[in-house]
Amino acid sequence: MNIRPTRIRYLIVLVAMLAAVLLYLERVCLSVAEVFIREDLHLDKSQMNWILGAFFFAYALGQVPAGWLSQRYGPRLMMALYMLGWSVFGIFIALAQNFWMLILARFLLGLSQAGAYPTAALLVKRWVPDRSRGLASGIVAFGGRFGGAGANWLTGILIVAFVPMNTDALLKPSDDHWIDPAPIVDPNASQRKEQSNSPALDSIRTEVRRSFDPKNPQQSINAILEMPRLTEGLDWSNAGLSSDGRNISTKPVAERSLLEMKRLNRLVLERAFPGAIRQLHTDGWRPTLFVYGLLGVIVGALFYIVARNWPREHPWVNREERQLIEGGQAPGEFSGSNSIPWRLLILSPNQWLFSINQFYSNMGWVFLITLMPRFLAERFNVSVEERGLMTTIPLFLASFATIFGGWATDR
């Protein structure tokens, strides 16, 4: 009687792919959230660039030692610890109150993520016959690209969603130190920040400047936010409003609730005078990052339950699958050596070419997952959700290209 091999190797590749999804979800989400983080913590662009860059500096430093730790103590334990680490530090980012807390949390996030792909590669080596490793590695990489694509798109949606429609859009006394009257009272100062040629926003600028009193900025702005017909009769299709603003703008003025009217006025004012007042959606970035951290803890626990270091250690693997995996390995694959062949690595032309390739390809890659949303916002006046969608497209296409590349590599 022939017994079919079990298929636990597929499950191992699947959980490694899920880990890669969460890896990139946590890594990339800051690129969409950073405009709100800068505003909330009163950071300038230079400080935010240091925060974004701290991740990659730590990530590079941690690659080799983190990979060695997985080989020394086993990929099951170390991947679970890496996931727990980056999830906790992601929550720390959500709780940060100043520049130093944020850059430290981001650095530790990069350090804890450094071992993820080396560990996944070790799992693939131990669990997948060598003739199928390209496809298996492509599937794991698919998870990373797909997670990055989802991070851009989902982060924009969640940031808006975490500021519910029943939130009062009026400025509170605690918002006083966020008010900058200069863009409103000085057209020249405003023009340096305005990127939209929307006729609707031009009309709002004229009306607001006519009504604004710089001696009482908060009361003056709140009075403007309570104008029931401030936005009436204007075309908001190219003003870069978020989805909540677009939905309200399509309603006739008479059908809008008081909260909806004030919310639309607030969103329009933010677009017309960038930096003049605190953005309403700034309150959404912390709960969004907190949710990502909790997801990482859950997936990390799932990984530890499902994965094992070797096929021979897994209670769900039958003898036939183990023989199938071991029969597809090169001699010495299962020796379990923990040593690092430094001399071979340093003298290997292939290793140097791989490293040079990574260095230059990551120049464009880092821009795509960090600063492209800011570029879209400042240069093209794109709303937060549209920024997420537009930066999602190249990552989404890349995710499927990795699978094809893995398949082609095997062949």
Side-chain angles (χ1 to χ4, degrees), residues 1-23 63-64 66-84 115-147 298-341 344-345 348 350-351 354 399-411:
M1 178 179 176
N2 291 329
I3 300 176
R4 289 187 174 183
T6 50
R7 298 182 176 182
I8 303 304
R9 61 194 183 281
Y10 300 142
L11 183 60
I12 298 299
V13 173
L14 176 62
V15 293
M17 184 197 75
L18 286 176
V21 170
L22 268 294
L23 175 87
Q63 290 276 292
V64 173
W68 176 83
L69 285 171
S70 294
Q71 199 163 340
R72 176 68 177 82
Y73 296 105
R76 180 197 185 198
L77 173 64
M78 295 311 301
M79 180 67 92
L81 289 177
Y82 294 147
M83 294 189 72
L84 177 63
Y117 272 120
T119 304
L122 184 59
L123 275 172
V124 168
K125 174 185 175 182
R126 292 182 176 183
W127 278 89
V128 179
D130 55 8
R131 66 180 180 274
S132 303
R133 284 182 189 166
L135 178 58
S137 298
I139 291 171
V140 174
F142 166 86
R145 300 302 182 268
F146 195 80
I298 293 170
V299 175
L302 176 65
F303 180 90
Y304 190 79
I305 292 170
V306 170
R308 294 295 186 275
N309 294 326
W310 299 94
R312 60 177 176 261
E313 297 175 356
H314 209 300
W316 304 343
V317 172
N318 64 10
R319 183 180 61 181
E320 286 71 21
E321 182 177 20
R322 179 182 170 185
Q323 290 175 346
L324 176 66
I325 295 170
E326 293 181 355
Q329 307 281 7
E333 290 278 17
F334 282 79
S335 63
S337 172
N338 295 321
S339 61
I340 300 176
L344 289 176
L345 288 173
S348 169
N350 276 342
Q351 185 64 38
F354 284 139
S399 63
F400 291 98
T402 61
I403 294 180
F404 173 77
W407 172 86
T409 299
D410 286 333
R411 275 143 190 79

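- Considering every non-hydrogen atom in both G300 and A80, the closest pair reads O-CB, 4.1 Å.
- Closest heavy-atom contact between V140 and A20: O-CB, 3.3 Å.
- In terms of heavy-atom proximity, V317 sits nearest to R322 at CG1-N, 3.9 Å.
- Using a 4.5 Å heavy-atom threshold, the side chains of R9 and E321 count as touching.
- Within a 6.0 Å radius of CZ in F400, more than 12 heavy atoms belonging to other residues, nucleotides or ligands are found.
- Between F142 and F146, the ring planes are parallel. Angles under 30° get that label, and only those over 60° would be called perpendicular.
- Counting only heavy atoms from C-beta outward, the side chains of R308 and W127 approach each other to under 4.5 Å.
- By the 4.5 Å heavy-atom criterion applied to side chains, R319 and P5 are not counted as neighbours.
- A distance of 10.5 Å separates CE in M83 from CD1 in I298, rounded to the nearest 0.5 Å.
- Between the CZ atom of R72 and the CG atom of L77 there is a distance of 11.5 Å, given to the nearest 0.5 Å.
- Distance check: M78 CE to L69 CG gives 4.5 Å after rounding to the nearest 0.5 Å.
- The cationic atom of R76 (NZ for Lys, CZ for Arg) does not lie both less than 6.0 Å from the six-membered ring centre of F303 and within 45° of the ring axis.
- Put simply, the side chain of T6 does not reach to within 4.5 Å of the side chain of E320, judged on heavy atoms.
- Residue R126 comes nearest to Q71 through the heavy atom pair NH2-O, 4.2 Å, listed as atom of the first residue, atom of the second, then distance.
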| field | Evaluation steps, side chain to side chain contact (heavy atoms under 4.5 Å, CB included), between I325 and V128 | value | CA-CA 6 Å; I325 295 170; V128 179; over 6 Å; no
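- For the pair S137 and V124, the tightest heavy-atom approach, listed with the atom from each and the gap, is OG-CG1, 3.9 Å.
- The distance from atom CZ of F404 to atom OG1 of T409, rounded to the nearest 0.5 Å, is 9.5 Å.
- For CZ of R411, the number of neighbouring non-hydrogen atoms (other residues, nucleotides, ligands) closer than 6.0 Å is greater than 12.
- In this structure, H314 contributes its side chain and N309 its backbone to no donor-acceptor pair below 3.5 Å.
- Distance alone, capped at 3.5 Å, places no donor-acceptor pair between the W407 side chain and the G138 backbone.
- A donor-acceptor pair is defined here as one N or O able to donate and one able to accept, closer than 3.5 Å; no such pair exists between the side chain of Q63 and the backbone of G115.
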| said: Does S70 form a side chain to side chain contact (heavy atoms under 4.5 Å, CB included) with Y82? I'd like the steps, not just the answer. | reply: CA-CA 10 Å; S70 294; Y82 294 147; 3.4 Å; yes
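- The backbone N or O of S399 lies less than 3.5 Å from a partner atom in the side chain of T402, making a donor-acceptor pair.
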For residues 11-19, which side-chain donor-acceptor pairs fall under 3.5 Å, sequence neighbours excluded?
none

